[in-house]
Each structure stands twice: as C-alpha cells, then as structure tokens.
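Okay, structure first, notes after.
Heads up: numbering here begins at 1 and tracks the sequence. Counting starts at 1 for both ligands and their atoms, in listed order.
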Amino acid sequence: MATGNVSAADLIDLARYPLGDLEAHDGARLVESGRCTIDRDGILVLDGFVTPDAATLMTAEAEAVAHEAWFCLHRHTVYQTPGDPDLPADDARSRLVKSDKGNVAKDRIPADGPLRALFDWTPLRSFLAAVLGLHELHPYGDPLAGLMINVNRTGETLGWHFDNAEFAVTLMLKPPLAGGTFRYLPGIRSGDAAEHAAVNRVLGGDETGLIDLAPPAGTLMIFRGRESLHCVTPVIGPQARLVGVLSYAREPGRTMGAQSQRLFHGRVS
Ligand SMILES: O=C(O)CCC(=O)C(=O)O
Ligand SMILES: [Fe+2]
C-alpha cells in the first residue's frame with residue numbers, strides 16, 4: 001500500500017464494515033446494529049475496523065510523529081474543572097485526579113497520510129452521524145485539536161473524567177505492552193446525588209460495574225464520553241500507548257480556544 005495520498009476506502013475493512021453504501025442492505029444493517037449497541041452500552045467497539053495492512057501503516061505513521069507530542073500534567077475533577085473551593089474536599093465535584101496529557105496536534109500529523117485520510121473521509125462522518133442518531137457531523141475546525149494522537153508513556157495515566165464533548169471517536173494505533181486499559185462505568189450521568197455517590201465510589205477504589213477494554217491496533221471506538229465516567233490506567237513497559245482521536249461536532253468550525261490550546265498543546269494556532 002502506498003503511503004502518500006492514501007484513500008480511506010482502501011484502509012477500512014469494507015467487507016466487514018460496508019461504510020461505502022449505508023443505504024444498501026448490509027450498510028443499513030451495520031447502522032442499525034451499531035445504533036442499538038451505542039444506545040444500550042454507550043459505546044460501540046469496531047474491532048478490525050481498518051485492515052491489518054492499514055493498521056501497520058497507521059501505527060508506523062503514529063510512531064514517526066510521536067516525538068512531536070506535547071506533554072503536560074493536568075489536575076482536574078471528573079467534570080474537567082479545577083475544583084470548587086467552596087465545596088467540601090470529599091465532594092465529587094471538588095475531588096481532583098491527575099492526567100498525563102500527551103498529544104500530537106493535527107498540524108503535526110501528515111496531511112497526506114492514512115490517519116488524516118480516515119478523518120477527512122465523508123462516509124465515515126455519515127456513518128458516525130447515523131449510529132449516533134445525529135443529523136450530520138462536521139470535522140472540528142481546530143487546527144490543533146481536530147485530529148490528535150494521544151501518547152501515554154510508561155507510568156502515565158488519564159484520570160477519571162467525563163468528556164466535555166458529547167461523543168468521542170478513537171482509533172487504537174499502538175497498544176502498550178501492559179496497562180493503559182480504557183476503563184469505564186457506563187451511563188451514570190444522572191446529574192443528581194446518585195451520580196455523585198457513584199463518582200465517589202469509583203474514586204474510592206470500588207471496581208463494581210467497571211468495564212475494561214484493551215483493544216488491538218485498528219480498533220475504532222465510538223463512545224458517549226459525557227455520559228460515562230472513564231479513565232486510562234497507567235501504561236506499563238517501554239512501549240507508549242498511541243491512540244488517534246477524531247473530533248467531530250454537530251456544527252461546522254468548532255474550535256477549542258486559545259487557553260485550551262496553550263494548556264494541551266503548549267502553543268496557540
Ligand atoms: O485514550 C483513550 O482511549 C481515551 C482518551 C480519553 O478519554 C480522552 O481523551 O478524553
Ligand atoms: Fe475522555
């Protein structure tokens with residue numbers, strides 16, 4: 001497979017995931033079952049979404065730019081806020097966790113490479129909108145955060161949190177040798193005391209109901225991250241965990257703002 005100007009249609013296992021024609025029988029069935037799964041579980045895990053050859057290509061691309069990652073240690077509540085000093089220290093809304101944020105920004109990912117081809121591919125957006133029950137989706141307009149590669153090195157972790165975005169799309173590019181597990185507690189965002197109690201239980205170390213995923217390279221995940229508490233456990237071993245993060249929104253031109261860019265990328269676009 002050539003590396004320059006790749007076509008996304010050549011990257012995806014279209015026999016298994018017929019994204020090219022969602023109106024046709026097989027495409028419609030894929031959408032229907034994907035939608036049911038997301039509605040039930042808050043997550044859709046598509047293993048082998050990209051072909052083994054494409055996964056090899058994408059892993060190599062990610063490894064080649066991983067040194068461009070910006071790293072920062074971020075302390076935050078599960079709601080991704082700095083914490084509220086007026087609340088008791090044991091309140092779910094003020095307890096702090098830490099995240100080792102490391103990511104390669106979109107403008108450091110080759111514009112003619114496979115990850116970018118997948119991100120830009122219109123049928124992928126149509127598929128995501130269909131399984132999420134949304135009218136249409138647009139790629140983030142942010143020149144840094146629209147597409148990223150999350151990099152977690154040994155000992156690094158993403159603390160428990162709810163996403164700000166209503167859903168997240170990730171592609172595993174390189175799993176670590178051990179650790180680096182994506183861990184989540186489905187559907188606890190009730191907005192009331194039950195939610196806060198559930199958050200406190202998880203932060204206190206209670207593992208009841210937690211689901212662990214450690215997928216191989218080439219697995220696509222579509223996740224309602226605003227509804228489910230989730231984290232990435234510490235990476236173990238010398239191999240960094242590399243995950244592509246594809247960001248889309250209901251409206252065109254969504255950006256992050258200079259403050260977030262400075263915090264998560266160390267610069268402003
Ligand atoms: O790296 C992952 O698998 C998930 C990352 C995540 O939860 C996030 O970036 O908000
Ligand atoms: Fe998240």
**Asked** Going by distance alone, is a donor N or O of one side chain under 3.5 Å from an acceptor N or O of the other, for D206 and T208?
**Response**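 On atom types as modelled, these side chains qualify, holding a pair under 3.5 Å.
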**Request:** Evaluate the criterion side chain to side chain contact (heavy atoms under 4.5 Å, CB included) for residue pair V202 and I188; output intermediate values, then yes/no.
**Result:** CA-CA 11 Å; V202 172; I188 63 156; 5.8 Å; no
**Step-by-step side chain to side chain contact (heavy atoms under 4.5 Å, CB included) determination, D142 to K106** = CA-CA 8 Å; D142 196 288; K106 184 180 176 211; over 6 Å; no
**Asked** With sequence neighbours left out, which residue pairs that include part of residues 143-155 fulfil the side chain to side chain donor-acceptor pair (under 3.5 Å) condition?
**Response**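 Sorted result for residues 143-155: R153-E156.
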**Message:** Walk me through whether D86 and R93 qualify under salt bridge (Lys or Arg N to Asp or Glu O under 4.0 Å).
**Reply:** CA-CA 10 Å; D86 294 334; R93 290 161 293 178; over 6 Å; no
**Asked** Hey, any chance F264 and L96 share a hydrophobic cluster, counting ILVMFWY side chains that come within less than 4.5 Å of each other, even indirectly?
**Response**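 No.
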**Item:** Joint cluster assignment, M172 & I12, ILVMFWY side-chain distance < 4.5 Å
**Value:**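 Per the 4.5 Å side-chain linkage, M172 and I12 are not co-clustered.
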**For H230, ring-ring contact (aromatic ring centres under 6.0 Å, His included) partners two or more places apart** =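 So H230 forms a ring-ring contact (aromatic ring centres under 6.0 Å, His included) with H161, F182, F223.
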**Asked** If we only count heavy atoms from C-beta on, is the E195 to F162 side-chain gap below 4.5 Å?
**Response**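 Answer yes - side chains close enough.
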**Prompt:** With hydrogens left out, which residues have an atom under 4.0 Å from ligand 1, given that only heavy atoms count?
**Reply:**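 The answer is N150, L158, H161, D163, F182, H230, V232, R241, counting any residue whose heavy atom sits under 4.0 Å from ligand 1.
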**Message:** So, at under 2.8 Å, which protein N, O or S atoms would a careful student list around the Fe ion (ligand 2)?
**Reply:**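 For the Fe ion (ligand 2), the protein N, O and S atoms that sit under 2.8 Å away are H161 NE2, D163 OD1, H230 NE2.
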